[in-house]
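Encoded as structure tokens, the structure appears first; notes follow it.
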There are 2 protein chains.
Amino acid sequence: MVTGDASYIKKINRALIIREIMKEGKISRADLSKITALTRATISAQVADLLEEELVVETELEHNPVGRKPIMLSLNAQAGYALGIDLDAGHATFMLSDLTGHPVTTEIIPIQSEAYEDIVQLLASAIRRYQSRCAGSRYGMVGIVLAIHGLVSNEETIKFVPRFQWQDVDLKQDLERAVGTAVHLENNANLSAFAERAYAHHTTDNLLCVTLYSGIGLGMIMDGKFFRGHEGFAGEIGHMIVVPGGEPCACGNRGCWEKYASETSVLRNILAAEPGDASDMEWINRRIAEGDEQVHDALNQFVYYLSIGLNNVINMYNPDVVVIDSELLRMIPDALQRIHHQLHSQISHYREITLSGMGRKSCVMGACALAISRFLNVPVLSLPSGDDLAD
Amino acid sequence: MVTGDASYIKKINRALIIREIMKEGKISRADLSKITALTRATISAQVADLLEEELVVETELEHNPVGRKPIMLSLNAQAGYALGIDLDAGHATFMLSDLTGHPVTTEIIPIQSEAYEDIVQLLASAIRRYQSRCAGSRYGMVGIVLAIHGLVSNEETIKFVPRFQWQDVDLKQDLERAVGTAVHLENNANLSAFAERAYAHHTTDNLLCVTLYSGIGLGMIMDGKFFRGHEGFAGEIGHMIVVPGGEPCACGNRGCWEKYASETSVLRNILAAEPGDASDMEWINRRIAEGDEQVHDALNQFVYYLSIGLNNVINMYNPDVVVIDSELLRMIPDALQRIHHQLHSQISHYREITLSGMGRKSCVMGACALAISRFLNVPVLSLPSGDDLAD
DNA sequence: ATATTTTGTAAGTTTAATAAACAAATTAAA
DNA sequence: TTTAATTTGTTTATTAAACTTACAAAATAT
């Protein structure tokens, strides 16, 4: 049972302070006091702890029009590092970031064998390599988050991964035994949503991220938290039935959305006529430019069914921001306008629908961000995007 | 910005204590200490406050096998009263309950005029009547919650009510001005869900309540809290598209679920052939008993489309318990078994689907329960059901 | 040089928890 | 019948972390 005591208060306020320091990049004690409504004395005491822990550093003095110059505080980005891993089909992507979420290295390792044990070994040896690489810093490796393209339970066990045909495996435990430290598992779409919130959409607490690749995934940040459902399986929108009695699906039903609006299904439709090509996306791009009738029709249908599903999702969740992550959609001119045009119900409410600016990277970036969020105990993070950094 | 201080701790622990007292009915300080993990000293101090405020009373002494007899504590049910109002089509239902959620009176007032001002007056005069009736008790009327069969925003303004064709009206403000005290508005399906959680399903924090009447509503308690979405409009599942290009709906789309699985639509289908009858439900019940082919087919289709929608809802929310509130469904033999049979996807996860044991009353009961929950500052309530009381 | 403003720290107070000891009330055992 | 054991509830002292108030430091404006 969760009860309150003094240390609980301290944690709450500490998280608040770290959150603001990260959001602002650099900020004085006085301004922290103004923003959080905590007294300057309280801020000073908390900051003293953070300085001693080397999580925060005092940087330069700012120039004010009048009065004493404030001492600016920043997160000590190099105090530790977070490792995000995207375990995708055919390859695993590793991203190491500093504590501000800034990527240090990115590496893609092909997955040759799909045997479970081999994959555990591949991941474990890479993790150990990264761990020794970070060992010099104050906190070393502060967290490891692994993106799973499948169902992950609230207890972080894997319920089902279509690509590898894994069912009820405890990858977390197996990896932790192999590397000797905590590893966290999270659904890929959830991590993409987390990344969109952390790196791009700082002002919303209600964001959905729809990922359209081999299947359709839905990552949800609602009320500033992951929306997971009772067991962790919420957001399985790919298997929402949109065509009663429609195409049979591996899940056991007919007419699942995935069969009509995932990239795989659209590509299959298009390539059914034409003989298969190696670089599918390139090929489609050329056909669009050429004005190919058949491709045009297929993409029209794609947008049509995509809009139907989006209508349903929006009605159910009433999100603030919907981010769509799809390479295929990006190639269709005016795709967003066409979707907006289809969402004409009196009932659907949302503020913004956009295409992801991060694309496939969002998944590993979200994994790093989540590792940082866990380490610092700050649930709602705001990290500088690449654009901010360029300033 | 929400910061922590000492009084915040006290509130947390106080809510915890009240919650346990209500859940257990009567309990000693020592047992409260064991359950909450707060020390006996802390419990004593908090209980002293509650006794002084007359929210809690010391009742009899319990008999123990050994040791000093504990003093049992109970909620002072008559310290105040909650008023729930269900503003439905054609009539308003008023329920007055004590602080344990036990109904004191229920009253149904027909709505003659559907003009906004008249309805405000009707509600206001009834509220004043109930207020003076409670004036004798320690806290009098502790809260008033009004169930709205339509879209209610997070700011408790009405976005849309189909029945009265209200759009963007501030009923809360108008009523509060008329009666001089706070009034709270909440969507009817949310209140039904709250009632199911508070009165019946005490052990779950993830409950969905699907109400099938004129339209289809979805009330959601997820993670122990209402799930409202960004503006408060989440759960509009009636306008989920399940038949692309299907029947046109007033919302502007085609093929909305409501057109296939609401009681209204099913009744319309059945009665289209047969000339309209006053007591529709009775009539249908007789036809089912007679084995009428046409009614049988229509109900089969109802169950079919209902299951499709439930599949979609379950995939999206991964609830623990789903409660369906439908008079029509109750009349169909083996309805639940047939629904279970249709939900055969590998992906759908839920623990339990049941028919509501409260039926239409759930809405006002939820309104009373919510008023109590707000007054006592206890978000997750457990109230005795009628069955418990009979013990 | 002095007043004003802003920042950050220090000393003392308040709140609400915890810990430890104790009083009260009961049954079981000597 | 007295004593030991057990459980309940209260009292006193301690602790943590906030808050208030006062003040020193550092800057600009007069």
Side-chain angles (χ1 to χ4, degrees), chain A residues 1-21 24 26-53 56-74 377, chain B residues 1-21 24 26-53 56-74 377:
Chain A
M1 187 143 297
V2 181
T3 54
D5 67 350
S7 70
Y8 180 58
I9 295 183
K10 190 161 190 190
K11 261 188 215 154
I12 293 175
N13 292 337
R14 177 186 158 111
L16 217 67
I17 290 167
I18 297 178
R19 185 176 107 190
E20 290 306 318
I21 293 175
E24 302 297 325
K26 56 183 186 179
I27 188 171
S28 68
R29 292 170 177 81
D31 283 344
L32 277 173
S33 169
K34 280 173 202 150
I35 291 179
T36 61
L38 295 165
T39 61
R40 290 203 306 273
T42 301
I43 298 284
S44 278
Q46 288 260 17
V47 166
D49 287 355
L50 294 172
L51 286 171
E52 211 205 341
E53 295 172 44
V56 160
V57 285
E58 294 185 331
T59 50
E60 74 262 60
L61 296 175
E62 198 82 336
H63 205 68
N64 259 14
V66 68
R68 172 174 165 178
K69 283 179 178 171
I71 307 165
M72 303 309 275
L73 304 165
S74 297
N377 247 296
Chain B
M1 186 143 297
V2 181
T3 54
D5 67 350
S7 70
Y8 180 59
I9 296 182
K10 190 160 191 190
K11 261 188 214 154
I12 294 174
N13 292 337
R14 177 186 159 114
L16 217 68
I17 291 168
I18 297 178
R19 186 176 106 189
E20 290 306 317
I21 294 175
E24 302 297 325
K26 57 181 185 180
I27 188 170
S28 67
R29 290 171 176 81
D31 283 344
L32 277 174
S33 169
K34 279 173 202 149
I35 291 180
T36 61
L38 294 165
T39 62
R40 291 204 304 272
T42 302
I43 299 284
S44 279
Q46 288 261 15
V47 167
D49 288 354
L50 293 172
L51 287 171
E52 211 207 340
E53 294 171 44
V56 159
V57 285
E58 294 186 331
T59 51
E60 73 261 63
L61 296 175
E62 198 81 336
H63 205 70
N64 258 15
V66 69
R68 173 175 165 178
K69 284 180 179 170
I71 308 164
M72 302 310 273
L73 303 165
S74 297
N377 247 295

At under 4.0 Å between heavy atoms, what does A:Gln46 touch on the DNA or RNA strands: base, sugar-phosphate, or nothing? sugar-phosphate
Is any side-chain heavy atom of A:Glu24 less than 4.5 Å from a side-chain heavy atom of A:Leu32? no
For residues B:Asn377 and B:Ala15, report the shortest heavy-atom separation together with the two atoms involved. O-CB, 3.4 Å
Looking at A:Thr39, I'd like to know whether one of its side-chain N or O atoms comes within less than 4.0 Å of OP1 or OP2 on D:dC19. yes
Going by heavy atoms in the side chains, are A:Thr36 and A:Asn13 under 4.5 Å from each other? no
Closest to the A:Thr42 side chain: D:dA18, C:dT18, C:dG8? D:dA18
CD1/B:Ile17 to CD1/B:Ile43 distance, rounded to the nearest 0.5 angstrom? 4.0 Å
Measuring to OP1 and OP2 of D:dA18, would you say a side-chain N or O of A:Asn13 lies under 4.0 angstrom away? yes
Distance, rounded to the nearest Å, where A:Ile43 contributes CD1 and D:dT20 contributes C1': 16 Å
I need the CE-C1' distance between A:Met72 and C:dT7, as an integer number of Å. 12 Å
Can you check nucleotides 11-16 of chain D for protein contacts, nitrogen or oxygen pairs under 3.5 Å, and list what you find?
none

Would you check, one step at a time, whether the test side-chain contact (heavy atoms from CB on, under 4.5 Å) holds for B:Ile27 with B:Ile35? CA-CA 10 Å; B:Ile27 188 170; B:Ile35 291 180; 3.7 Å; yes
Separation of C:dA17 P from B:Leu16 CG (nearest whole Å): 11 Å
Please enumerate all protein N or O atoms sitting under 3.5 Å from an N or O of nucleotides 27-29 of chain D, with distances to 0.1 Å.
| unit_1 | atom_1 | unit_2 | atom_2 | d |
| --- | --- | --- | --- | --- |
| D:dT28 | O3' | A:Pro65 | O | 3.3 |

Please work out if B:Ile71 contacts a base, only the sugar-phosphate, or nothing of the nucleic acid, heavy-atom cut-off 4.0 Å. sugar-phosphate
If the cut-off is 4.0 Å, is A:Arg29 near the phosphate of C:dT6, judged by side-chain N/O to OP1 or OP2? no
Between atom CD of B:Glu58 and atom CG of B:Leu73, what is the distance when rounded to the nearest 0.5 Å? 6.0 Å
Quick one: does B:Asp31's side chain get under 4.5 Å of B:Lys34's, heavy atoms only? yes
At 4.0 Å (heavy atoms only), tell me whether B:Lys34 reaches a base, stays on the sugar-phosphate, or touches nothing. sugar-phosphate
Check: B:Leu38 main-chain N/O paired with B:Ser33 side-chain donor or acceptor under 3.5 Å: yes
C:dT14 P sits how many Å from B:Tyr8 OH, rounded? 25 Å
Please state how far atom CD1 in A:Ile27 lies from atom P in C:dG8, giving the value in whole angstrom units. 10 Å
Rounding to a whole Å, what distance do you find between B:Ile12:CD1 and D:dA17:C1'? 14 Å
Sidechain N-carboxylate O distance under 4.0 Å for A:Lys10, A:Asp49: yes
